[in-house]
Amino acid sequence: MSDKPKTSVGIIWAPFSKGQAREGVEKGPTVVKEAGLIEKLKAQGYDVKDYGTLGFDLIPDDKPWKNAKNPRTVGSANEKLANVVAEAKKSGTTSLVVGGDHSLGIGSISGHARIHPDLGVIWFDAHTDINTPLTSSSGNMHGQPVAFLLKELKDKMPDVPGFSWITPCLSAEDIVYIGLRDVDNAEHCILKSLGIKYYSMTEIDQLGIRKVMEETLHYLLANKKTKIHLSFDVDGLDPSLAPATGTPVPGGATLREGLYIAEELYRTGLLSAVDIMEINPARGKTQEEVNTTVNTAVSIILSCFGKAREGSHSSSYRIPQPQKSI
């Protein structure tokens with residue numbers, strides 16, 4: 001796994017919140033940008049192409065359909081995002097989508113798969129986000145994106161308004177979950193029936209994050225050298241690290257575990273797209289909580305692009321050579 005890493009990043013700012021009910025997650029991209037992400041990536045030696053902040057249409061009279069709220073608005077937003085991600089991938093950049101709620105995983109992964117159909121996905125999250133519009137108890141579509149992406153669920157999915165554009169692009173064997181600890185009964189049934197590979201926090205505690213990543217990469221890459229898509233929900237981390245998020249769940253991954261995942265994916269040379277989702281500044285009780293969440297997210301992103309804890313990969317420092325005595 002020694003492919004030379006990409007040298008350009010295409011950033012897409014996606015301030016979208018209609019996949020869930022809590023206001024504020026649409027401000028996630030702004031606070032990450034204000035934290036200096038572009039400058040920090042440039043300092044690591046990357047060319048950064050800024051695709052700008054996407055504008056999303058609110059579809060009027062967007063009534064719920066089955067157990068899916070705002071389906072037309074969510075579908076329209078994801079179609080737009082898919083087109084921009086596909087454009088970024090076509091130009092050879094590693095795409096970086098800064099959300100926004102995790103319903104945007106539909107568009108980000110769909111767009112990536114148009115250019116690299118043989119994808120492997122790592123979904124880092126406290127939740128599986130694999131409910132369908134028939135099984136969801138909340139109706140929030142940030143809990144349903146994976147169901148729209150899986151070929152095996154195509155026959156179980158109704159024709160949701162706003163999603164006529166989508167074609168499922170993943171097989172059940174193409175995705176691995178890491179960080180799970182809040183999975184409802186319907187989702188658990190889908191996981192088991194499809195044989196989807198996952199590592200809950202229990203498995204992470206038992207095996208250690210190094211073993212989890214070894215097994216994950218072997219599973220995704222043993223038979224094919226595929227591109228990797230990391231879809232990272234900050235609520236996969238412990239709420240002490242990412243308190244400013246919509247659905248925090250105690251007992252999450254540590255910062256060390258999150259950074260290790262990012263570092264290992266970078267080292268493969270195959271990390272082709274990254275989503276960072278569910279940063280919600282309005283959910284921080286204090287400015288310090290907001291800052292903690294944003295700084296954690298930025299640290300994870302920088303590690304995905306090669307920042308090592310012992311120093312950046314792009315350092316030009318050279319060890320001084322001893323002078324020969326005359």
[X] side chain to [Y] backbone, donor-acceptor under 3.5 Å:
| X | Y | answer |
| --- | --- | --- |
| Lys69 | Ser138 | yes |
| Arg181 | Gly236 | yes |
| Asp129 | Pro145 | no |
| Lys66 | Ser136 | no |
| Ser171 | Glu173 | no |
| Thr296 | Leu241 | yes |
| Glu187 | Asn185 | no |
| Thr292 | Glu288 | yes |
| Asn280 | Ala282 | yes |
| Glu203 | Ser200 | yes |

Report whether [X] and [Y] are members of the same hydrophobic cluster (ILVMFWY, side-chain heavy atoms less than 4.5 Å apart, transitive linking).
| X | Y | answer |
| --- | --- | --- |
| Val298 | Ile261 | yes |
| Ile122 | Leu149 | no |
| Val274 | Trp13 | yes |
| Val183 | Val212 | no |

Check [Y] with [X], please: is the shortest side-chain N to carboxylate O separation under 4.0 Å?
| X | Y | result |
| --- | --- | --- |
| Asp47 | Lys49 | no |
| Glu264 | Arg267 | yes |
| Lys224 | Asp174 | yes |

Got [X] and [Y] here, is their nearest side-chain heavy-atom distance under 4.5 Å?
| X | Y | result |
| --- | --- | --- |
| Asn78 | Ser103 | yes |
| Thr53 | Pro29 | no |
| Leu150 | Ile196 | yes |
| Val31 | Thr293 | no |
| Phe16 | Val74 | yes |
| Tyr198 | Lys192 | yes |
| Leu237 | Leu255 | no |
| Glu215 | Val176 | no |

For [X] and [Y], which heavy atoms make the closest approach, and how far apart are they?
| X | Y | answer |
| --- | --- | --- |
| Val160 | Pro71 | CG1-CB, 3.7 Å |
| Tyr46 | Val9 | CD2-CG2, 3.4 Å |
| Leu81 | Ser108 | CD2-N, 3.7 Å |
| Gln144 | Asn67 | NE2-O, 3.0 Å |
| Gly251 | Asp238 | N-OD1, 3.1 Å |
| Tyr219 | Gly195 | OH-O, 4.5 Å |

Point-to-point distance, once rounded to the nearest 0.5 Å, from [atom1] of [X] to [atom2] of [Y]:
| X | Y | atom1 | atom2 | value |
| --- | --- | --- | --- | --- |
| Ile178 | Met201 | CD1 | CE | 10.5 Å |
| Thr254 | Leu259 | OG1 | CG | 8.0 Å |
| Cys169 | Phe148 | SG | CZ | 13.0 Å |
| Ile38 | Ile11 | CD1 | CD1 | 5.0 Å |
| Ile279 | Asp101 | CD1 | CG | 12.5 Å |
| Ile228 | His116 | CD1 | NE2 | 12.5 Å |

task: Please lay out, stage by stage, how Asp275 and His229 fare under the test side chain to side chain donor-acceptor pair (under 3.5 Å).
output: CA-CA 8 Å; Asp275 311 325; His229 188 118; 2.9 Å; yes
message: Let's go through Leu302 and Gln44 carefully: what are the C-alpha distance in whole Å and the side-chain angles of both, what is the deciding distance for side-chain contact (heavy atoms from CB on, under 4.5 Å) to 0.1 Å, and is it a yes or a no?
response: CA-CA 8 Å; Leu302 295 179; Gln44 285 182 207; 3.3 Å; yes
message: For Glu23, is the CD atom crowded, meaning more than 12 foreign heavy atoms sit under 6.0 Å from it?
response: no
task: Assess whether atom NZ of Lys27 is packed by more than 12 heavy atoms of other residues, nucleotides or ligands within 6.0 Å.
output: no
Taking atom types as modelled, is there a side-chain donor on [X] or [Y] under 3.5 Å from an acceptor on the other?
| X | Y | answer |
| --- | --- | --- |
| Thr247 | Asp235 | yes |
| Ser272 | Lys89 | yes |
| Glu289 | Thr286 | no |
| Thr93 | Tyr51 | no |
| Thr73 | Asp62 | yes |

Determine the interplanar angle of the [X] and [Y] rings, folded into 0 to 90°, and report it as parallel if under 30°, tilted if 30 to 60°, perpendicular if over 60°.
| X | Y | result |
| --- | --- | --- |
| Tyr177 | Trp123 | perpendicular |
| Phe124 | Phe232 | parallel |
| Phe163 | Trp165 | parallel |

- prompt: Glu263 pairs by salt bridge (Lys or Arg N to Asp or Glu O under 4.0 Å) with which of Lys307, Arg309, Arg256?
  reply: Arg309
- request: Before giving the answer on side-chain contact (heavy atoms from CB on, under 4.5 Å), spell out for Val97 and Val85 the whole-Å C-alpha distance, their side-chain angles and the decisive distance to 0.1 Å.
  value: CA-CA 8 Å; Val97 176; Val85 169; 3.8 Å; yes
task: Step by step, work out the side-chain contact (heavy atoms from CB on, under 4.5 Å) result for Val48 and Phe305.
output: CA-CA 12 Å; Val48 177; Phe305 291 96; over 6 Å; no
- request: Starting from the C-alpha separation in whole Å, work towards a yes-or-no answer on side-chain contact (heavy atoms from CB on, under 4.5 Å) for Met213 and Leu265.
  value: CA-CA 9 Å; Met213 289 308 294; Leu265 293 178; 3.9 Å; yes
- prompt: Between Arg22, Gln20, His102, His142, which is the residue that forms a side-chain hydrogen bond (donor to acceptor under 3.5 Å, both in side chains) with Glu278?
  reply: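 Exactly one candidate clears the test, His142.
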Identified side-chain hydrogen bond (donor to acceptor under 3.5 Å, both in side chains) partner of Asp184 from the options Thr135, Thr128, Asn131: Asn131
field: side-chain contact (heavy atoms from CB on, under 4.5 Å), paired with Ile175, selected from Leu194, Val146, Ile130, Ile109
entry: Val146
